[in-house]
Amino acid sequence: MVMLPGGQEIRARLHARRQTKDGWQYQVGFLIWQDTAGGSVEAVEHRAWVSPAHARPVPGISYDHVPTRRASQAGGTALGKGQPAWTVQHLPHRPGLPGATLIHVVGCTPSPQTLDREQALAALRQPRAAACRECGAAGSLTDHKESPDQEAQAPTPPRVPG
């Protein structure tokens, strides 16, 4: 359950949890309405990292399957050279939206394809590729610097329920 600004509580899906120096954060997703190019609306998933003050477990639900990153795993600094610390998400072409590739820090978005630092940097150099802004993948790849223009043009496709 997630507490929204204004006090409304809604049911959300827990995608990941991470421990930071300041405590735990939870990546939650919930459905909202979004206008389409055709003038109708569709449900899309909005994801955000929230603190324990804004999330609580649903009684009777197991969260053992949720990707969890402890402070010792955060930021990729505790991983040895060549060890996977990033994942890749291939977003398919949809009407009106070209396909794209997003690079994530492990634990942000589940993916069977993990990447080490060099692979993640190579993937980011491909057309229509961007680092996820939610998990700070670009910041964890310290050699990857984007100009403000490149960042503004990076694809930010809508999340789909999954």
Side-chain angles (χ1 to χ4, degrees), residues 1-35 41-79 83-92 94 97 99-117 119-121 123-124 126 128-142 144 146 150-152 154-162:
M1 301 300 288
V2 173
M3 181 70 69
L4 297 177
Q8 182 182 4
E9 190 173 60
I10 61 170
R11 190 175 187 127
R13 180 176 179 191
L14 179 62
H15 290 281
R17 48 192 167 190
R18 65 184 177 194
Q19 186 180 30
T20 68
K21 63 181 175 72
D22 298 322
W24 285 94
Q25 294 180 332
Y26 304 97
Q27 186 186 40
V28 296
F30 51 90
L31 295 179
I32 60 173
W33 294 110
Q34 175 178 294
D35 295 329
V41 295
E42 66 181 354
V44 294
E45 183 179 47
H46 173 75
R47 288 191 188 187
W49 287 96
V50 298
S51 72
H54 298 105
R56 68 175 177 80
V58 175
I61 301 292
S62 170
Y63 297 100
D64 293 341
H65 66 284
V66 176
T68 302
R69 196 174 67 202
R70 301 198 181 279
S72 63
Q73 300 168 316
T77 56
L79 297 170
Q83 287 187 314
W86 297 272
T87 61
V88 62
Q89 178 185 19
H90 299 286
L91 301 165
R94 292 179 32 199
L97 296 172
T101 300
L102 290 177
I103 304 301
H104 302 274
V105 172
V106 166
C108 177
T109 298
S111 172
Q113 186 178 358
T114 58
L115 308 171
D116 64 24
R117 185 175 176 280
Q119 292 168 321
L121 287 169
L124 282 172
Q126 300 303 309
R128 307 255 346 120
C132 175
R133 293 179 183 153
E134 291 179 25
C135 66
S140 69
L141 293 163
T142 55
H144 179 67
E146 289 185 322
Q150 285 175 319
E151 187 173 320
T156 45
R159 299 265 184 188
V160 295

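The figures that follow rest on heavy atoms only: side chains count, while hydrogens, waters and symmetry mates do not.
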Distance in Å, [X] [atom1] paired with [Y] [atom2], rounded so as to fall on 0.5 Å steps:
X: Leu31; Y: His46; atom1: CG; atom2: NE2; answer: 11.5 Å
X: Glu45; Y: His15; atom1: CD; atom2: NE2; answer: 3.5 Å
X: Trp24; Y: Ser51; atom1: CH2; atom2: OG; answer: 14.0 Å
X: Met3; Y: His54; atom1: CE; atom2: NE2; answer: 8.0 Å

Would the distance check show the side chain of Gln126 and the main-chain N or O of Ala123 forming a donor-acceptor pair, the cut-off being under 3.5 Å?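 No, because the side chain of Gln126 does not come within donor-acceptor range (under 3.5 Å) of the backbone of Ala123.
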Which pair of heavy atoms, one from [X] and one from [Y], lies closest together, and at what distance?
X: His104; Y: Gln89; result: NE2-OE1, 2.8 Å
X: Ala130; Y: Leu124; result: C-CD2, 3.4 Å
X: Ile103; Y: Leu115; result: CD1-CD1, 4.0 Å
X: Ala137; Y: Trp86; result: O-NE1, 4.1 Å
X: Val105; Y: Thr87; result: O-OG1, 4.5 Å

For Glu9, side-chain hydrogen bond (donor to acceptor under 3.5 Å, both in side chains) partners two or more places apart: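 For Glu9, the residues satisfying side-chain hydrogen bond (donor to acceptor under 3.5 Å, both in side chains) (neighbours in sequence not counted) are Arg56.
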Residues in side-chain contact (heavy atoms from CB on, under 4.5 Å) with Val66, at least two apart?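 Only Leu14, Arg17, Tyr63 meet the side-chain contact (heavy atoms from CB on, under 4.5 Å) criterion with Val66.
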Using the side-chain contact (heavy atoms from CB on, under 4.5 Å) criterion, which residues pair with Leu4? Sequence neighbours excluded.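 side-chain contact (heavy atoms from CB on, under 4.5 Å) list for Leu4, sorted by chain: Val2, Gln8, Ile10, Phe30.
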4.5 Å side-chain heavy-atom contact, Met1 and Val58: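 A side-chain contact exists here, since the closest heavy-atom pair is under 4.5 Å.
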